[in-house]
J.: 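Provided herewith is a single structure, encoded as structure tokens, for subsequent inquiry.
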Amino acid sequence: MCGIVGAVAKRNILPILLNGLRKLEYRGYDSAGVAVVNAEDQISRIRSVGKIIELEKALDRAPDIQGTTGIAHTRWATHGPPTESNAHPHMSGSRLALVCNGIVENHESLRLAQKAKGFEFQSDTDTEVIVNEIYQHIAQGADLLNAVKSTIKSLQGAFAIGVISADEPYRLVGARRGSPLVVGVGKDETFLASDMSALLSVTKDFFILDDGDIVDINGTNVTIMDQLGQPQQRQLKTSTLTAESVELGEHRHFMLKEIHEQSTAIANTLEGRITGTGLLEASFGADATQVFDDTRAVQIIACGTSYHAGLVAKYWFEELGVPCQVEIASEFRSRTHAVPDHCLVVTLSQSGETIDTLSALAEAKRIGYGSSLTICNAPESSLVRESDLVLMTHAGPEIGVASTKAFTTQLVALRLLVIALGRRRHLSMEHEAKLIAELRELPAKVDEAIKLEPIIKDIAEQFADKHHTLFLGRGTHYPIALEGALKLKEISYIHAEAYPAGELKHGPLALIDSDMPVISVAPNDRLLDKLKANIEEVRARGGKLIVFADVETEMSEQKNLTVINVASVDSSIAPIIFTIPLQLLSYHVALIKGTDVDKPRNLAKSVTVE
Ligand code: G6P
């Protein structure tokens with residue numbers, strides 16, 4: 001988590017740093033800060049608690065702060081509460097400043113050693129030890145680059161840093177281990193950032209640093225070194241992202257914008273991957289056919305919303321005879337496994353930088369799982385680089401912390417993988433053609449589901465004074481209920497739980513009363529009658545139900561039962577369609593609650609700490 005930006009230019013870089021921070025706010029937003037080398041070759045630093053807007057206000061009160069070299073940071077607190085003294089940049093003395101994204105695991109021992117040498121700590125963070133360590137190397141005669149090189153050898157953990165020194169005013173040194181960092185190349189100016197979106201207004205040309213890389217930006221010279229300090233040529237890549245793609249446009253929130261972008265995102269994810277009747281297997285990579293031929297089972301690993309996409313896919317894989325396990329990455333990485341033979345490891349991630357998912361993949365490789373495949377939305381991300389096969393979701397940048405279009409495009413990508421592996425099991429050519437035809441219908445069906453928004457907006461009113469909600473689903477729609485509950489709790493702070501509807505009688509029924517709305521999705525599938533029975537169990541106990549039902553289920557309004565009809569869809573794509581009204585419901589409930597929809601409290605979009 002946390003976002004970092006840095007720049008060395010021939011103009012005042014403060015507006016560039018601030019603009020970059022605004023784009024990185026999704027990575028954390030509890031405090032922010034900036035440090036520049038000013039015209040007198042001194043470091044000017046301003047920090048503030050809260051979102052970037054607070055930092056902007058603080059800078060408005062200090063119009064003299066300007067500089068051509070600088071670093072900036074938006075924080076998601078790990079060590080130490082969100083106070084000004086814990087905000088980055090951190091300094092050692094008055095001439096050295098550093099920003100960091102990540103965690104220094106051995107900070108306690110370094111802190112003790114530094115205290116013994118007389119360092120006085122200004123913050124509770126794990127970061128301050130890094131800048132003190134660099135300070136000591138400089139005091140012993142090293143320049144900034146060599147001081148950084150020596151320092152990172154003594155650090156344990158995953159991090160990305162940017163460092164400036166008033167004694168080398170046109171220099172910015174960056175390094176990454178575990179956490180992402182890119183170098184943006186402009187005309188006579190160079191930038192550093194956690195991701196490309198932060199710099200799109202100043203450049204589209206980037207070096208994507210490899211894990212372990214160090215970058216020395218010295219005036220207009222850029223040198224990239226690997227973890228051994230050896231200079232390396234990294235390929236300059238041109239981003240296809242536009243600055244507009246990370247702007248809000250006419251929408252009130254990114255979440256709403258992203259909900260509405262889903263039909264396009266899905267169409268883009270399908271484009272070039274399917275023909276009239278079949279799947280193009282090469283979409284997964286040159287070795288896909290060989291890897292798929294060798295695959296006997298699938299292990300999915302993911303976190304958060306991406307994990308829910310994996311849970312849906314388990315039903316899909318096993319329906320076609322492909323054994324599939326799904327596990328939360330933080331659990332997978334830290335337990336002992338009985339490793340199955342010929343098992344394809346599939347990671348799902350919007351960002352491609354979630355540290356638990358990356359560590360779980362590394363663990364899977366270490367203990368002997370087979371090939372790996374990632375379904376990911378960030379092209380140059382660590383997961384993409386670490387995986388044998390890749391299927392990109394072409395959702396475009398997702399900024400709202402609550403994931404929407406990344407989830408539905410992951411489900412689409414998973415359908416393609418299910419078809420690829422299903423071909424080796426129970427899937428006939430005719431069946432494949434039918435599934436492909438259903439996928440083609442998706443964008444139009446998604447747009448139809450979005451038209452339910454006015455009805456959902458009215459229903460959201462019922463949640464204004466509620467503190468708890470229960471979501472129910474069966475089969476592939478149990479994970480959709482989980483996702484609906486996650487969305488609601490993330491952005492409206494209403495406690496929400498999801499249960500497989502058949503499990504109601506084993507506990508949750510005890511909670512039912514008129515104060516706890518129960519939300520259910522009712523596709524027209526073979527589980528419908530059982531679901532209807534569960535719905536009656538709730539009504540019989542005075543519970544108030546809101547059911548999103550396939551129009552063909554012919555469910556009708558009754559006392560304590562609100563039915564919202566969803567256009568009929570085939571069961572293979574129903575989980576994708578039924579997700580849409582649940583996203584809209586959580587969005588409109590959050591609006592009523594007055595929360596910060598795109599930046600809910602305590603959360604961040606890209607979780608690069610364990
Ligand atoms: C965070 C985000 C979620 C996301 C999860 C996994 O918790 O707030 O929206 O689902 O991380 O992220 P990933 O980028 O790996 O999909």
Side-chain angles (χ1 to χ4, degrees), residues 1-3 24-30 76 78 101 158 178-180 194-195 197 253-255 258-259 265 300-313 326-333 345-362 373-387 390-393 395-411 413-414 479-480 482-493 579 582-583 586-587 590 595-610:
M1 349 270 276
C2 304
L24 292 177
E25 218 174 6
Y26 73 87
R27 301 178 68 86
Y29 33 79
D30 58 39
W76 186 85
T78 57
N101 160 32
S179 303
S194 298
D195 74 24
S197 72
H253 292 103
F254 279 106
M255 182 181 180
E258 289 155 6
I259 289 174
I300 295 178
I301 305 170
C303 301
T305 288
S306 299
Y307 169 68
H308 293 157
L311 289 177
V312 176
V326 190
E327 192 160 355
I328 289 174
S330 54
E331 289 297 314
F332 183 95
R333 60 176 292 194
V345 177
V346 176
T347 55
L348 308 177
S349 176
Q350 188 286 128
S351 63
E353 299 294 350
T354 303
I355 196 81
D356 283 328
T357 310
L358 277 162
S359 307
L361 173 61
L373 181 154
T374 190
I375 290 176
C376 185
N377 196 40
E380 303 295 342
S381 62
S382 304
L383 265 181
V384 167
R385 289 139 162 266
E386 296 294 325
S387 303
V390 174
L391 189 68
M392 297 307 302
T393 46
E398 192 183 65
I399 312 287
V401 165
S403 186
T404 51
K405 61 178 181 173
F407 178 70
T408 45
T409 52
Q410 279 171 349
L411 288 175
L414 282 161
I480 299 307
L482 283 169
E483 176 58 11
L486 177 62
K487 286 287 88 85
L488 191 70
K489 70 183 122 185
E490 273 181 315
I491 60 169
S492 72
Y493 315 150
T579 298
L582 299 187
Q583 294 170 342
S586 62
Y587 174 76
T595 61
D596 189 340
V597 174
D598 286 332
K599 301 183 199 92
R601 68 184 180 203
N602 304 337
L603 300 179
K605 182 138 196 81
S606 184
V607 183
T608 53
V609 294
E610 291 174 358

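Keep in mind the model is a prediction, meaning the values are calculated, not measured. Each ligand, and each atom within it, is numbered from 1 in the order the structure gives.
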J.: Mind checking side-chain contact (heavy atoms from CB on, under 4.5 Å) for Pro180 and listing every partner two or more places apart, or none if nothing turns up?
T.: Arg27, Asn101, Glu353, Thr608
J.: Below 3.5 Å only, please: the N or O atoms of ligand 1 paired with protein N or O atoms, distance on each line.
T.:
| unit_1 | atom_1 | unit_2 | atom_2 | d |
| --- | --- | --- | --- | --- |
| ligand 1 | 8 (O) | Ala604 | O | 3.0 |
| ligand 1 | 9 (O) | Val401 | O | 3.1 |
| ligand 1 | 10 (O) | Thr305 | N | 3.0 |
| ligand 1 | 12 (O) | Thr354 | OG1 | 3.3 |
| ligand 1 | 14 (O) | Ser349 | OG | 3.3 |
| ligand 1 | 14 (O) | Gln350 | N | 3.3 |
| ligand 1 | 14 (O) | Ser351 | N | 2.8 |
| ligand 1 | 14 (O) | Ser351 | OG | 2.6 |
| ligand 1 | 14 (O) | Thr354 | OG1 | 3.4 |
| ligand 1 | 15 (O) | Ser349 | OG | 2.6 |
| ligand 1 | 15 (O) | Thr354 | OG1 | 2.5 |
| ligand 1 | 16 (O) | Ser306 | OG | 2.6 |
| ligand 1 | 16 (O) | Gln350 | N | 2.7 |

J.: So if I apply the side chain to side chain contact (heavy atoms under 4.5 Å, CB included) rule between Thr347 and each of Thr354, Thr374, Val384, Ile375, which one comes out positive?
T.: Thr374
J.: Which pairs with one or both residues in residues 395-404 pass salt bridge (Lys or Arg N to Asp or Glu O under 4.0 Å), sequence neighbours excluded?
T.: Glu398-Lys605
J.: What do the steps show when you test Leu348 against Ile300 for side chain to side chain contact (heavy atoms under 4.5 Å, CB included), and what is the final call?
T.: CA-CA 7 Å; Leu348 308 177; Ile300 295 178; 3.8 Å; yes
J.: Can you sort out the partners of Glu25 under side-chain contact (heavy atoms from CB on, under 4.5 Å), two or more places apart, ordered by chain and number?
T.: Tyr29, Lys51, Ile52, Thr74, Lys599
J.: Please report the interatomic distance OG1(Thr305) to NZ(Lys487), rounded to the nearest 0.5 Å.
T.: 3.0 Å
